[in-house]
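Below you'll find the structure, written out as structure tokens, and then a few comments.
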Amino acid sequence: MKTDILMQFAQALAGGAIRVIDLSQALDSDTAIIQLPPEFGRTWPFRLEEISRYDARGPAWYWNNFSCGEHTGTHFDAPVHWVSGKDHAGNATDSIPVEKFIAPACVIDVSREAAEDADFLLTPRRVEAWEAEHGRIDAGSWLLMRTDWSRRRGPQFANMKEDGSHVPGPHPDLVPFLARERDVIGFGSEGVGTDAGQAFRFDPPFPCHSIMHGSNKFGLASLTNLDRLPPKGAILLTTPLKIVNGSGSPCRVLALVG
Ligand code: MN
């Protein structure tokens with residue numbers, strides 16, 4: 001019976017047989033934001049403004065206003081974010097079918113490679129080697145790239161040099177492989193965005209945006225705690241705010257691990 005499945009689920013949560021892992025970075029004014037060349041529009045950093053705190057402005061209550069761009073901190077990328085995804089039905093934060101916000105995850109650990117090479121790119125060959133060990137990536141799964149990049153603080157996170165940012169990401173050949181041959185639901189990264197820091201030089205530029213969103217698939221950026229997930233078997237909860245026609249949203253990404 002359906003109720004039995006949900007009761008078993010509730011008991012497994014209460015008893016600790018299923019654990020909940022927070023894959024989100026804390027959000028404050030230090031949260032890194034995407035830096036674009038000056039000719040482009042700018043995203044706002046996260047900002048918190050106190051309205052009242054049990055004081056004359058509100059004697060019994062504490063609350064804040066906040067402002068930020070949609071793509072701030074740990075966040076969800078919707079297909080409408082990219083021009084290639086603009087015409088899909090159900091492509092924005094309010095119109096994506098909600099079932100898609102609950103999906104299994106595959107986690108590929110390339111932390112050793114990323115520590116040695118800030119420009120490390122995850123290739124189809126590397127993913128196929130992972131599949132030989134853990135089984136094929138199931139359609140509808142997230143592919144999460146563990147780099148341990150989330151442990152970096154301050155300027156080390158964006159790792160900006162004179163020639164741009166140097167952060168690991170997916171190889172241009174990997175994105176069509178994941179989108180078309182594996183039919184993933186999306187790609188998740190520990191970096192400030194889903195693409196590599198040097199992806200503006202790729203052909204096509206920013207493939208994890210142009211091809212993923214062009215395929216009506218999603219992105220998750222600035223993830224953390226990926227070292228606490230198994231290679232396969234975690235379930236992700238990735239609900240963005242229901243912004244009307246939103247291109248993305250800060251997101252409290254949670255993983256259920258058995
Ligand atoms: Mn984004």
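A quick note: this is a predicted structure, and the numbers were derived from the prediction, not measured. We're numbering straight along the sequence, starting at 1. Order of listing sets the numbers, starting from 1, for every ligand and every atom in it. Side chains are part of it too, since the values below use all heavy atoms of this structure and drop only hydrogens, waters and symmetry mates.
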- Message: Can you confirm whether Arg153 sits close enough to Asp30 that some side-chain heavy atom of one is under 4.5 Å from a side-chain heavy atom of the other?
- Response: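 SC-SC contact between Arg153 and Asp30 ruled out.
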Using 2.8 Å as the threshold, say whether any N, O or S atom from [X] sits that close to the Mn ion (ligand 1).
{"X": "His81", "value": "no"}
{"X": "His75", "value": "yes"}
{"X": "Asp77", "value": "yes"}

- Task: Could you tell me whether Arg53 sits above the aromatic face of Tyr62, with NZ or CZ closer than 6.0 angstrom to the six-membered ring centre and within 45 degrees of the axis?
- Result: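 That pair qualifies as a cation-pi contact.
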- Query: Of all the N, O or S atoms in His71, which one sits nearest to the Mn ion (ligand 1)?
  - Reply: ND1
- No-hydrogen, no-angle side-chain donor-acceptor test under 3.5 Å, His166 and Asp119: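 Note: His166 and Asp119 side chains meet the donor-acceptor criterion.
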- Message: Checking side-chain polar atoms at under 3.5 Å, does Ser24 have a donor or acceptor matched by the opposite partner on Thr74?
- Response: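 Thr74 and Ser24 do not have a side-chain donor-acceptor pair below 3.5 Å.
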